[in-house]
Amino acid sequence: MTTTEQPLTEVDQHHLDTITERIGLARMEAEERAARSEDPLDPADQAPAVAGPAVPEPTAVRDAVTRQAVLGALLDHVKDAYTGAKSEADDLLERQYKASGTTKIDATLPDGTKVGSVSRQGGEREATVTDADAFRGWVRDHFPTEHVVEFIPAQVVTSVRPGFSGRVLSEATAAGAARYLDEASGVVHDVPGVEIRPSRAASHRLTYTRGSKAQPAAGRELVTAAWRTGTLADHLPALAPSPPAAAEGEQ
């Protein structure tokens, strides 16, 4: 008795083809992996090695840190000395100005070489409202349209329009007195509640000389050269180098 195999349906045939294809692909991948693991890489295909950062010389690092430490310490001394010198100079220059009206003085080296000068910068004065009530009352009585009245629950607030206030103060500043000219009537008012007060204090400005044909070196360069030769030691004793110790037998 013979057995006859039933033909596969289209669905079964599709499943069989899919399984066969997957088995074949898996075999090919396995063979490729095996080939890659057995064959050594070509040196040309290898990525070049990346060199790490060069290690600096220990001596260079130590010298750089030492320079920073030394200059930092010297800078602190120079800043403190400069602050004290400027304060003393400002005080003496202001006293000299009040006594003689001098507004400029030269800075010179011990040998008389000019390296710079200090000039007095005059202060400024401007009109300022010092009594707001008096100022508002004057505006209310003479310029009522510039006087503002605001009714707020439980209180009434009065003020002067900012534009008008600015015009009055600007004119008073220009005149150097608390006065305002009413251009409509030609009346000059003495404005109450306004005073002319200093707005910026006087100051002193130091400038160094520039190089010229007669003296090619600029003022800063001349100061640097004089400091290196030791001729300015008396001006900054805190930083002046100590004189060399006398050798034995040299008295």
Side-chain angles (χ1 to χ4, degrees), residues 68-69 71-107 116-210 219-220 235-236 238-239:
Q68 179 186 4
L71 292 174
L74 293 176
L75 183 61
D76 291 339
H77 283 294
V78 171
K79 284 183 177 180
D80 292 341
Y82 178 80
T83 299
K86 186 178 187 308
S87 177
E88 180 182 9
D90 287 347
D91 177 63
L92 293 173
L93 289 167
E94 195 63 21
R95 288 161 56 186
Q96 183 183 51
Y97 168 75
K98 292 179 180 179
S100 63
T102 303
T103 59
K104 184 177 181 180
I105 188 170
D106 292 337
S117 61
V118 175
S119 302
R120 185 180 188 275
Q121 308 294 312
E124 295 181 357
R125 297 169 63 83
E126 66 180 9
T128 304
V129 176
T130 57
D131 187 335
D133 292 336
F135 181 64
R136 283 197 302 269
W138 171 76
V139 175
R140 178 197 61 213
D141 296 340
H142 299 280
F143 302 93
T145 57
E146 305 295 344
H147 185 259
V148 179
V149 179
E150 296 181 85
F151 294 93
I152 302 175
Q155 62 177 328
V156 177
V157 178
T158 61
S159 62
V160 177
R161 297 186 187 280
F164 180 72
S165 177
R167 289 199 303 274
V168 172
L169 295 179
S170 295
E171 186 169 319
T173 297
R179 294 174 182 171
Y180 177 72
L181 170 63
D182 182 358
E183 296 182 353
S185 64
V187 176
V188 177
H189 295 265
D190 290 324
V191 184
V194 173
E195 296 181 9
I196 305 297
R197 291 186 172 183
S199 60
R200 189 183 71 178
S203 61
H204 300 90
R205 181 186 179 190
L206 169 65
T207 56
Y208 290 93
T209 57
R210 298 181 179 180
R220 291 179 182 272
H235 289 72
L236 195 57
L239 292 180

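None of the values given here were measured: they were computed from a predicted structure.
In terms of the side-chain contact (heavy atoms from CB on, under 4.5 Å) criterion, residue partners of D90 (sequence neighbours excluded) are, by chain and number, K86, H204. Partners of A202 by side-chain contact (heavy atoms from CB on, under 4.5 Å), not counting sequence neighbours, listed by chain and number: E94, R120. For H147, there are no side chain to side chain donor-acceptor pair (under 3.5 Å) partners at least two apart in sequence or on another chain. Scanning for salt bridge (charged side-chain N to carboxylate O under 4.0 Å, His left out) contacts around D76 gives an empty result, with sequence neighbours left out. Every residue two or more places apart in sequence or in another chain was checked for a salt bridge (charged side-chain N to carboxylate O under 4.0 Å, His left out) with D141, and none qualifies. In this view, T207 and S117, R205 satisfy the side-chain contact (heavy atoms from CB on, under 4.5 Å) rule, not counting sequence neighbours. A search for side chain to side chain donor-acceptor pair (under 3.5 Å) contacts involving S185 returns D182, not counting sequence neighbours. Residues passing the ring pair (Phe, Tyr, Trp, His ring centres under 6.0 Å) test with Y208: none are found, sequence neighbours excluded. Residues satisfying the side chain to side chain donor-acceptor pair (under 3.5 Å) criterion with R210, sequence neighbours excluded, are absent altogether. For Q121, there are no side chain to side chain donor-acceptor pair (under 3.5 Å) partners two or more places apart in sequence or in a different chain. Remark: L74 pairs with V70, L239 by the side-chain contact (heavy atoms from CB on, under 4.5 Å) rule, at least two apart or across chains.
Legend: side-chain hydrogen bond (donor to acceptor under 3.5 Å, both in side chains) pairs involving residues 95-104, not counting sequence neighbours, sorted by first then second residue: D91-R95, S100-T102.
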